[in-house]
Q: 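Take a look at this one; I'll ask things after.
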Protein chains: 2
Amino acid sequence: MAEKQRRKPGETREKLMTAALTLVGKGRHFASLGIREVTRQAGVVPTSFYRHFRNMDDLGLQLVDELGLVLRRMMREARANVLQADKLIEESVAIFISHAQANRSFFLFMAQGLAGESRAVQEGIRSEMRFFASELANDLRRLRLVDHLTDQDLDMTCDLVVRSVAFSLTDLLGVSAEDDYQIEQIRKRTTRFLQLIFVGAAHWQSAG
Amino acid sequence: MAEKQRRKPGETREKLMTAALTLVGKGRHFASLGIREVTRQAGVVPTSFYRHFRNMDDLGLQLVDELGLVLRRMMREARANVLQADKLIEESVAIFISHAQANRSFFLFMAQGLAGESRAVQEGIRSEMRFFASELANDLRRLRLVDHLTDQDLDMTCDLVVRSVAFSLTDLLGVSAEDDYQIEQIRKRTTRFLQLIFVGAAHWQSAG
DNA sequence: CACATTAGTGAACACTTGTACACATGAATA
DNA sequence: TATTCATGTGTACAAGTGTTCACTAATGTG
């Protein structure tokens, strides 16, 4: 008989969240996951689920919180590694892609959640993206690369940048993680998107 | 007892597709819909489903085809109504938003499908977007507004435009259809995104 | 008109689902 | 040490699931 296997507190909770992500990573959509399915994947009895989450939406919300941590780690690494302004875009995109690869399931969950079933999860992801965009605006301001833009125009630019990168995410997650050629294509295209946006920003006249 | 109610050929088929869209319109995610659920919504017996579709993915694929028609109608209207080049962006965005409102469920389905469960549906929607982008490139070329861009750079620009608009879609579908203020905000922001992109395109140097 | 085809119906199947309940055990607290 | 609490387990159940089957009525074709 299976004994009670209590270990570190919160371990089962984590197992359940990981299990959901694993299923998403295998191609399932989060909205189609069930409680039993997730507990089965986690190697846990169905009733355990309720000890940690009220329902799947709740689990989704907690995943969004962890997603926030992943994004912040990514920002930190970008800030630490992007030293020269002329390579800023290339290097940032490269860091983004490597993080997206390393946390594939997380980013899949994010892409799904943007048009997902739970309004709360949707709003949470949107909020993370807004935060990301505003941090980006701060950095650009600090680097004094965009002095001619009003705050509002800079916010808009960063918003567009984040959206474009997020969309590239869906490209990236659509190809195999080993398909280096395709990944390189996506990297190049995303880089050019951002360059185009920043050229636009450089010549932007707030009035027009 | 319910009699056999055969009417126009393909009527049940259409009822099933409409039913799926209706459920999506009510906030459900396509990936979480079941056959029985859809047939129930359509007012049809579950077995009827198999007369028209092999499974839900199949239904999704056929919805993508219809989505193509919706997009083509939208392009036609845009081409007919956008006469003066200086208002091109504003008017196009306005037409896009009005179509998105009029076919809310369809566009919801599209937004969901981009990161959906079925690879085939995903690919289908992507393909529609590529077609849309290439038509846009043709139009811009024809209007001689972008003579300084290479074909490749024009394609990239249009790709970015379509992506940005598609992302705005998720904003739009997230707010109530009656919330005129928010919709106006989204319209303005999308317009500014596109303006920024075209300013970038106008100053774009292929080499750099 | 006879006949094959298409497209509708209801009953039945073996499973899966979410959730409730009672119970057990380890850890924290008093 | 005694007790409480959080977290694990097994059983149970009603409802919902996808899919198969045999049957039937309308339609198009010769």
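Chain letters run A, B, ... following the sequence lines, proteins first, then strands; residues in each count from 1.
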Q: Yes or no on side chain to side chain donor-acceptor pair (under 3.5 Å) for A:Arg28 and A:Ser32, after CA distance, side-chain angles and deciding distance?
A: CA-CA 7 Å; A:Arg28 300 291 313 280; A:Ser32 76; 2.9 Å; yes

Q: Within a 6.0 Å radius of atom CZ on A:Arg54, are there more than 12 heavy atoms belonging to other residues, nucleotides or ligands?
A: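 No.
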
Q: Nearest to the side chain of B:Ser48 - C:dG18, D:dT17, C:dT9?
A: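 From the listed options, C:dT9 comes nearest.
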
Q: Distance check needed: D:dA6 P versus A:Arg13 CZ, whole Å only.
A: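 It works out to 16 Å between those atoms.
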
Q: For A:Thr12 versus A:His52, what's the shortest heavy-atom pair and its separation?
A: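 Between these two residues, the closest heavy atoms are CB-NE2, 3.8 Å.
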
Q: Can you name the closest pair of heavy atoms from B:Thr22 and B:Gln41 and give their distance?
A: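 Heavy atoms only, the tightest pair is CG2-NE2, 3.5 Å.
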
Q: Are A:Arg72 and A:Phe131 in a cation-pi contact, defined as NZ or CZ under 6.0 Å from the six-membered ring centre and within 45° of the axis?
A: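 Cation-pi check for A:Arg72 and A:Phe131: passes.
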
Q: Can you see if the side chain of A:His52 gets near the phosphate of D:dA6 - specifically, an N or O under 4.0 Å from OP1 or OP2?
A: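 No, A:His52 has no side-chain N/O under 4.0 Å of OP1/OP2 on D:dA6.
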
Q: Just the rounded figure in Å: distance from C1' of D:dA15 to CZ of B:Arg36.
A: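 Distance check: B:Arg36 CZ to D:dA15 C1' gives 11 Å.
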
Q: Is B:Tyr50 near enough to D:dT19 that one of its side-chain N or O atoms lies under 4.0 angstrom from OP1 or OP2?
A: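 For D:dT19, OP1/OP2 do have a side-chain N/O of B:Tyr50 under 4.0 Å.
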
Q: Considering only D:dG10, D:dA22, D:dT19, which nucleotide approaches the side chain of A:Thr47 most closely?
A: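 Closest of the options to the side chain of A:Thr47: D:dG10.
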
Q: Any base atoms under 4.0 Å from A:Arg40, or only sugar-phosphate, or nothing? Heavy atoms, all strands.
A: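 A:Arg40: backbone/sugar contact only, no base atoms under 4.0 Å.
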
Q: Rounded to whole angstroms, how far apart are CZ on B:Phe49 and P on C:dG10?
A: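 Rounding to the nearest Å, CZ of B:Phe49 and P of C:dG10 are 18 Å apart.
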
Q: Specify the separation, in whole Å, of atom CG of A:Asn55 and atom P of C:dT19.
A: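 Answer to the nearest Å: 7 Å.
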
Q: Does C:dG8 have its OP1 or OP2 closer than 4.0 Å to a side-chain nitrogen or oxygen of B:Thr12?
A: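 Yes, within the criterion.
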
Q: Return the value, rounded to whole Å, for the distance between atom CZ of B:Arg28 and atom P of D:dG16.
A: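 For the pair B:Arg28 CZ and D:dG16 P, the rounded distance is 13 Å.
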
Q: Using atom NZ of A:Lys15 as one end and atom C1' of D:dT7 as the other, report the distance to the nearest whole Å.
A: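 Rounded to whole Å, this separation is 12 Å.
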
Q: Whole angstrom is fine here: how far is it from CD in B:Gln41 over to C1' in D:dT17?
A: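 Answer to the nearest Å: 18 Å.
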
Q: Round to a whole Å and report the spacing from CD1 of B:Ile35 to P of C:dT16.
A: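 In whole Å, C:dT16 P and B:Ile35 CD1 are 16 Å from each other.
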
